[in-house]
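Since the model is a prediction, treat every value here as computed from it, not as a measurement. Below, chains carry the letters A, B, ... as their sequence lines are ordered, and counting in each starts from 1.
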Amino acid sequence: MTLRMSSLFLRTLREDPADAEVPSHKLLVRAGYVRRVAPGIYSWLPLGYTVLRKVERIVREEMVRMGAQEVHFPALIPREIYETSHRWTEYGQNLFRLKDRKDADYLLGPTHEELFTLLVKGEYSSYKDYPVSLFQIQTKYRDEARPRAGILRGREFVMKDSYSFDLDDEGLAKSYAAHRAAYQKTFERLGLDYRIVSAVSGAMGGSASEEFLAPTDSGEDTFVQCDNCDYAANTEAVEIAVPPAVDASQHPDAQVLDTPDTPTIATLVERLNSLRLGREFSGADTLKNVVMKSRAPGADWELLVVGVPGDREVDLKRLAGQLEPTEVAQAEPADLARQPRLVKGYIGPQILKEIGVRYLVDPLVVPGSAWVTGANEQDKHAAFVVRGRDFEPDGEIGAVEIRDGDRCARCGGHLAIARGIEIGHIFQLGRKYADAFELDALGPDGKSIRITMGSYGIGVSRAVAALAEQHHDEVGLIWPRSVAPADVHIVVAGKEEQLAAAEALAADLDARGLSVLLDDRAAVSAGVKFKDAELIGVPTVVVVGRGLADGVVEVRDRAAGTRDDVRLETAADEVAARCS
RNA sequence: CGGGGUGUAGCGCAGUUUGGCAGCGCGCUGCGUUCGGGACGCAGAGGUCGUGGGUUCAAAUCCCGCCACCCCGACCA
């Protein structure tokens with residue numbers, strides 16, 4: 001196929017759009033791939049739509065190859081289907097809701113667990129039917145509080161979602177592994193650099209949920225990666241190495257200190273060091289007790305105190321991820337007021353058992369360790385407060401904010417913090433939806449078997465943005481061949497003879513099955529054509545210009561920046577070879 | 001929801017302080033020159049200055065209200 005730029009619906013921009021911040025957004029708009037319609041809502045122009053379809057095709061091929069079958073659901077869904085799974089209310093404000101003419105409630109699907117589950121329930125009823133995996137590539141709608149970064153995080157976006165249905169956990173594990181392998185293949189073919197990171201902590205659920213992240217500075221997800229082993233995890237799920245437990249009996253007795261006006265760790269450390277207790281103290285020697293509140297599903301809010309070393313912050317997201325489905329939040333002054341024995345700024349764990357407040361510590365607060373912590377009295381702290389002697393937590397929970405350089409729990413290597421774009425997520429859902437919709441199969445013994453499900457997503461339109469983030473330079477995009485809007489971009493830098501030669505070359509390449517973007521614009525200078533070619537980012541560019549007098553054309557490699565003169569007669573062979 | 005910022009031609013912006021003809025660059029149309037790195041000349045088209053009200057002889061500019069959008073955070077995958 002040959003696209004002629006003289007008639008292609010395309011207008012490139014010389015300047016960055018004012019509302020764009022990240023490279024993919026700037027370049028996709030400047031190069032005429034997408035245009036904004038409303039916040040988080042974009043139109044795809046011919047070049048952009050071609051790239052989007054190529055990504056889609058690769059995703060589809062790999063899904064089919066792993067044995068999943070393609071279906072297509074409506075985006076417009078009646079309320080009752082979402083009521084059954086309680087998500088009409090649970091999904092909250094992110095759900096686009098609308099009414100039909102009869103005033104009945106509808107929604108625009110943000111994801112399709114319900115429809116998939118209902119479809120399978122309606123069609124299949126025997127154990128002989130399973131396992132089965134279904135997928136669709138479809139437009140999803142989420143009314144994000146703050147869409148951002150162009151098509152990286154939109155309110156309307158294209159997603160491939162698939163679901164596996166199995167009779168038992170082993171089956172689910174197999175389906176999960178098959179999807180995982182298919183995703184690896186998919187992202188390799190797309191030319192995306194990616195990491196598979198654990199999305200739940202090892203303590204909670206093994207490998208039941210993993211994210212595929214494309215590392216880039218504009219990414220919204222923070223993850224850590226070990227510099228020594230292959231451990232990688234979302235910061236919400238990461239586990240870090242902790243010091244060994246200590247013998248509690250080696251510490252002196254706890255001792256109450258006068259520490260007026262030391263409500264913060266910094267002021268406390270300063271005061272401690274002025275007391276000349278025979279050693280220097282740092283924030284890491286203090287135990288900070290943060291008052292939170294938690295609420296189990298269906299229960300009331302109750303106070304929860306979390307203990308972390310004083311030089312560390314509590315990472316609320318990390319905490320929430322591990323406590324789910326119990327909610328957690330920072331305690332309000334009103335919550336604190338109901339426990340008069342908790343003295344703000346001077347809270348210590350010594351009395352928590354007595355007053356019935358749940359206490360969790362970060363694993364860094366190892367058994368037998370001694371701390372300077374609050375004495376539960378205004379202006380007083382206590383030193384040599386020992387875990388296992390002076391207090392005993394109700395449990396451990398990874399609560400501290402991870403730092404660059406923290407040690408890997410597996411191998412002791414250094415963990416580096418990096419950012420990435422979530423381009424895929426695989427998740428062993430289990431029986432949540434099967435329970436809600438009573439999805440069962442009749443077993444060989446005449447008893448029903450509750451089906452177990454896996455859920456797997458790839459952000460298709462987001463992958464286009466991620467590709468742009470990873471493949472560009474100062475002057476434009478540089479697409480991997482597998483997704484480029486064309487195989488070859490021919491620049492006609494001259495008049496009649498050059499145009500004729502370029503047309504002939506384009507026809508030759510076209511006949512070989514390559515797609516050609518032919519810049520045959522008559523009234524545009526060569527300089528503009530070169531700039532546009534760089535901006536658009538087709539991997540191979542052929543310049544038919546002044547060299548034609550000597551019988552050569554110039555073949556450029558956009559990524560490598562190389563330029564080679566090639567005889568016109570062999571140009572098609574050369575280009576075809578580069579494109580294979 | 002909290003904080004910061006912006007709305008003027010298709011795009012990028014100046015003009016608002018100190019009220020007085022609606023401007024610049026890119027893009028677009030026509031003619032001519034140029035023709036391998038975002039060429040040049042001449043002539044053009046294109047605007048409800050976000051919106052509603054107010055002050056004034058006169059409002060893009062001052063006052064009051066509203067709306068929209070962008071960025072950071074909260075939230076979310």
* Structure fact -> salt bridge (charged side-chain N to carboxylate O under 4.0 Å, His left out) pairs touching residues 483-500 of chain A, sequence neighbours excluded, are none
* A:L45 CG to B:C11 P: how many Å, rounded? -> 14 Å
* Expressed as a whole number of Å, how far does the C1' atom of B:G20 sit from that of B:C64? -> 24 Å
* **Check: A:R30 side chain, B:G27 base, donor-acceptor under 3.5 Å** => no
* Which value, in whole Å, describes the distance between the C1' atoms of nucleotides B:C49 and B:U8? -> 4 Å
* Asked: Can you tell me the Watson-Crick or wobble partner of B:A68, both distances under 3.5 angstrom?
  -> B:U6
* Spacing of A:L10 atom CG relative to B:C11 atom P, expressed in whole Å -> 16 Å
* Among residues 544-559 of chain A, which contact RNA chain B at a heavy-atom distance under 4.0 Å? -> A:G545, A:R546, A:G547, A:E554, A:R556
* **A:D532 CG - B:G27 P separation (whole Å)** => 11 Å
* Asked: Which whole-number value in Å describes the distance from A:F530 CZ to B:C35 P?
  -> 15 Å
* Asked: Any idea which heavy atoms bring A:G545 and A:Q498 closest together, and the distance?
  -> O-NE2, 3.2 Å
* Inter-nucleotide P distance (B:U61, B:C21), Å rounded -> 13 Å
* To do: Indicate, with a heavy-atom threshold strictly under 4.0 Å, whether A:V524 touches base, sugar-phosphate, or nothing.
  => nothing
* **Phosphate contact (B:G27 OP1 or OP2) by A:R14 side-chain N/O below 4.0 Å** => yes
* Using 30° and 60° as the class limits, which term best fits the ring planes of A:F427 and A:H425: parallel, tilted or perpendicular? -> tilted
* **Separation of the P atoms in B:G5 and B:U51, to the nearest angstrom** => 23 Å
* Using the C1' atom as the reference point in each nucleotide, state the distance between B:G15 and B:G25 in Å, no decimals. => 15 Å
* Asked: Looking at residues at least two apart in the chain, or sitting in another chain, which of them share a side-chain hydrogen bond (donor to acceptor under 3.5 Å, both in side chains) with A:R30?
  -> none
* Would you say A:S525 reaches B:A39's phosphate, i.e. side-chain N/O to OP1/OP2 under 4.0 Å? -> yes
* Asked: Which of residues 484-503 of chain A have a heavy atom under 4.0 Å from RNA chain B?
  -> A:A493, A:K495
With 3.5 Å as the limit, what N/O pairs link the protein to nucleotides 23-25 of chain B?
unit_1: B:G25; atom_1: N2; unit_2: A:E15; atom_2: OE1; d: 3.3

* To do: Applying side-chain hydrogen bond (donor to acceptor under 3.5 Å, both in side chains), name anything that partners A:D565, two or more places apart in sequence or on another chain.
  => none
* Asked: So which nucleotide does B:C62 pair with, by the Watson-Crick or G-U wobble rule with both distances under 3.5 Å?
  -> B:G54
* Structure fact -> Of all heavy-atom pairs linking A:G154 and A:E144, the shortest is O-CG, 3.8 Å
* Rounded distance in Å between the C1' positions of B:U55 and B:C63 -> 7 Å
* Base-pairing assignment for B:C1 (Watson-Crick or G-U wobble, both under 3.5 Å) -> B:G73
* Which residues satisfy the side-chain hydrogen bond (donor to acceptor under 3.5 Å, both in side chains) test with A:Q184, sequence neighbours excluded? -> none
For residues 37-52 of chain A, which side-chain donor-acceptor pairs fall under 3.5 Å, sequence neighbours excluded?
unit_1: A:Y42; atom_1: OH; unit_2: A:H25; atom_2: NE2; d: 3.1
unit_1: A:T50; atom_1: OG1; unit_2: A:P46; atom_2: O; d: 2.8

* Can you sort out the partners of A:E474 under salt bridge (Lys or Arg N to Asp or Glu O under 4.0 Å), two or more places apart, ordered by chain and number? => none
* To do: Check whether any side-chain N or O of A:K529 sits under 3.5 Å from a backbone N or O of A:V492 as a donor-acceptor pair, and report yes or no.
  => yes
* Asked: Are the side chain of A:W479 and the backbone N or O of A:I536 linked by a donor-acceptor pair below 3.5 Å?
  -> yes
* Calculate the interatomic distance between A:R521 atom CZ and B:G27 atom P; express it in whole Å. => 12 Å
* To do: Please report, rounded to the nearest Å, how far the C1' atom of B:G36 is from the CG atom of A:D565.
  => 12 Å
* To do: Find out whether A:Q136 and A:D161 are in side-chain contact, i.e. whether some heavy atom of one side chain is under 4.5 Å from a heavy atom of the other.
  => yes
* To do: For B:A77 versus B:A9, give the span between their C1' atoms, rounded off to a whole number of Å.
  => 40 Å
* Any chance you could list the contact pattern along nucleotides 70-77 of chain B? Use B for base contacts, S for sugar-phosphate-only contacts and - for none, protein heavy atoms under 4.0 Å, 5' to 3'. => SSBBBBBB
Shorter than 3.5 Å, N or O on both sides, protein versus nucleotides 43-48 of chain B: list them out with atom names.
none

* Is there a donor-acceptor pair under 3.5 Å between the side chain of A:R419 and the backbone N or O of A:T222? -> no
* Taking a pair as Watson-Crick or G-U wobble with both distances under 3.5 Å, which nucleotide is matched to B:G41? -> B:C31
* Under 4.0 angstrom, heavy atoms only, what part of the nucleic acid is A:R563 near: base, sugar-phosphate, or nothing? -> base
* Determine the minimum heavy-atom distance between A:L518 and A:A506, stating which atoms define it. => CD2-CB, 4.4 Å
* Backbone N or O of A:L467 within a donor-acceptor pair of the A:H471 side chain at under 3.5 Å? -> no
* Parallel, tilted or perpendicular: which describes the rings of A:F73 and A:H112, with under 30° parallel and over 60° perpendicular? -> parallel
* A:T111: what forms a side-chain contact (heavy atoms from CB on, under 4.5 Å) with it, not counting sequence neighbours? -> A:Y82, A:R87, A:Y91, A:E113, A:R142, A:Y163
* **Pairwise C1' distance for B:A60 and B:G50, with rounding to whole Å** => 12 Å
* Report yes if a donor N or O on one partner sits less than 3.5 Å from an acceptor N or O on the other, where the partners are the side chain of A:D16 and the base of B:G12; otherwise report no. => no
* Asked: More than 12 non-hydrogen atoms from neighbouring residues, nucleotides or ligands closer than 6.0 Å to CD on A:E313, yes or no?
  -> no
